[in-house]
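The residues of the chain are indexed from 1 along the displayed sequence. Predicted, not measured: the structure shown is a model, and the values here were computed from it. Both ligands and their constituent atoms are indexed starting at 1 by order of listing.
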Amino acid sequence: MDKENKQLTTGTGAPVGDNQNSMTAGSRGPTLIQDIHLLEKLAHFNRERVPERVVHAKGAGAHGYFEVTNDMGKYTKAQLFNGVGKRTPMFIRFSTVAGELGSADTVRDPRGFAVKFYTEEGNYDLVGNNTPIFFIRDAIKFPDFIHTQKRDPKTHLKNPNAVWDFWSLSPEALHQVTYLMGDRGIPATYRHMNGYGSHTFKWVNNAGEAVWVKYHFKTEQGVKNMTSDVASKIAGENPDYHTEDLFNAIEKGDFPAWKLYVQIMPFEDADTYRFDPFDVTKIWSHKDYPLIEVGRMVLDRNPENYFAEVEQATFSPGTMVPGIEASPDKMLQGRLFAYSDAHRYRVGANHNLLPINRPKAELNNYQRDGAMRFDQNGGGSVYYEPNSYGGPKESPEYKQTPFDVAGLAGQTAYDQNDHYTQAGDLYRLMSEAERRRLVENIVAAMKPVERNDIKIRQIQHFYKADPEYGERVAKGLNLPIPQEVK
Ligand code: HDE
């Protein structure tokens, strides 16, 4: 906090004579409109809130660094991952998904795990979650899915009918539903959970050779979760429990860290792998593509100002650096548009110039003007390209790697639809205690659903994943397993 008792000023720098009393006629008023200090304070106060994120509104952030422990030059030319010992500053924002800005941290919900690396080649944003998969696999379904996670337009209450109606009609969600309703659905703290890029991305090395990659951030604090009853109690007592835990840990020097690993898939394997590697509702078996260590991420500095650094932070999966490119994953493709569009609306056209978002790398381009352009706006430098005045030029070596595309253009569903094997594998991986809690959580969440046909449709999915899974949920809900699935 400022300890120097400087002169108080208005927003235009004029010294303030009296910050306790409005300017009035006599001691009883009326107030004079020429009290600019009063008008400015009230007007600015009315404009302090920017729109909250439409998803992931509640979050917490921290600064830190990433250090390479295993050179990845064989797979990618991205400087960030090249050279053991190389350190890159980064900023991370953790978040819940469905709740509003003031909602509780300890809810059953995926957690955002958004990392901004300020690399020498520009920023790289890895905008993932604490789960390796997602509920759906085509961007076009996202607004509808989020509507079911948010408030009913009539009652303004959360609506379990919508949640389970949507999930029972979207069998691709079963894997992530099993993950979410299990122990990892409520992390003990942001420090005790893993992070994932979730999607498949493309890495390209200096020879122009490409591989597919998935990212895994493994917490060095160990995975710890919170049971539903403890979480509900804490949500009532301290809705900012995870936020406070992260801030206090870093404040006292207990710096949380994660090891970054990748799975690498040879480019040509994508055509033959038994699961579509671009379907974000599916994982790649670690037996098929083992984890390879890349480096270590350490969070060692709290934000000085929440609004400036956390609320105004803007991440996008489209923010990539040379050597890292998109895969055809339909969810990722949709996100490449959505994030910057959201930032232009929520923060403004020049959001990338804000201190928290501004690359550490030099910026040289012909983008000019736009609301709140608070830097020199390119000054008097040449403002178009091509030009004969020595303006910034492109370099062909940074072109995106060409790749083949095939198929008729049309609105076409994925052609692989086994949504039960991996969900069943996840169930069978669980201990008896984990299965018991999973079933209890699902039964408690589904009990309020009004219509039995929705519940039975969902039970069929659990049953197809694993008969025991379906039978235990059906028993908990006192409903039959339909003959047609047996
Ligand atoms: Fe997001 N998502 N998302 N999302 N998402 C946003 O960006 C979107 C998806 C994730 O801390 C928004 O600034 C679409 C998957 C995180 O600031 C928005 C689709 C994954 C964060 C948006 C998805 C995520 C966001 C909301 C379907 C995990 C918080 C406002 C194609 C792999 C980042 C905003 C932060 C935020 C769109 C699906 C993770 C609206 C269209 C899958 C961690 O742009």
By side chain to side chain contact (heavy atoms under 4.5 Å, CB included) - contacts of Asn248 (at least two apart): Glu244
Suppose I only count heavy atoms of [X] and a 4.0 Å limit; which atoms of ligand 1 are within that range?
X: Gly112; answer: 43 (C)
X: Ala139; answer: 31 (C)
X: Ala342; answer: 44 (O)
X: Ala338; answer: 41 (C), 44 (O)

Among all protein heavy atoms, pick the one closest to [atom] and tell me residue, atom and distance.
atom: atom 17 (O) of ligand 1; answer: Arg53 NE, 2.7 Å
atom: atom 11 (O) of ligand 1; answer: Arg93 NH1, 2.7 Å
atom: atom 32 (C) of ligand 1; answer: Arg335 NH1, 3.4 Å
atom: atom 13 (O) of ligand 1; answer: His343 CE1, 3.2 Å
atom: atom 3 (N) of ligand 1; answer: Tyr339 OH, 2.9 Å
atom: atom 43 (C) of ligand 1; answer: Gly128 O, 3.2 Å
atom: atom 40 (C) of ligand 1; answer: Val54 CG1, 3.5 Å
atom: atom 38 (C) of ligand 1; answer: Phe142 CE1, 3.5 Å

Check against ring pair (Phe, Tyr, Trp, His ring centres under 6.0 Å), Tyr215 and Phe201: CA-CA 9 Å; Tyr215 296 94; Phe201 295 90; 5.7 Å; yes
Should the pair [X] and [Y] be classed as cation-pi, given the thresholds of under 6.0 Å to the six-membered ring centre and 45° from the axis?
X: Lys141; Y: Phe166; result: yes
X: Lys330; Y: Tyr414; result: yes
X: Lys360; Y: Tyr118; result: yes

Minimum non-hydrogen distance to atom 42 (C) of ligand 1, winning option of Phe113, Phe337, Phe134: Phe134
Val280 touching ligand 1 at heavy-atom level, < 4.0 angstrom: no
Plane angle bin for Phe113 and Phe94 - parallel if under 30°, tilted between 30 and 60°, otherwise perpendicular: perpendicular
Residue part near ligand 1, for Met331, under 4.0 Å between non-hydrogen atoms: both
Side chain, backbone, both or neither: Ser198 near ligand 1, heavy atoms under 4.0 Å: side chain
Salt bridge (charged side-chain N to carboxylate O under 4.0 Å, His left out) assessment of Arg437 paired with Asp183: CA-CA 7 Å; Arg437 287 191 293 268; Asp183 287 353; 2.7 Å; yes
Sub-6.0 Å ring centroid separation between Phe315 and Tyr339: no
is_close_aromatic(Phe275, Trp284), centroid dist under 6.0 Å: no
N-O pairing of Glu311 and Arg53 below 4.0 Å: yes
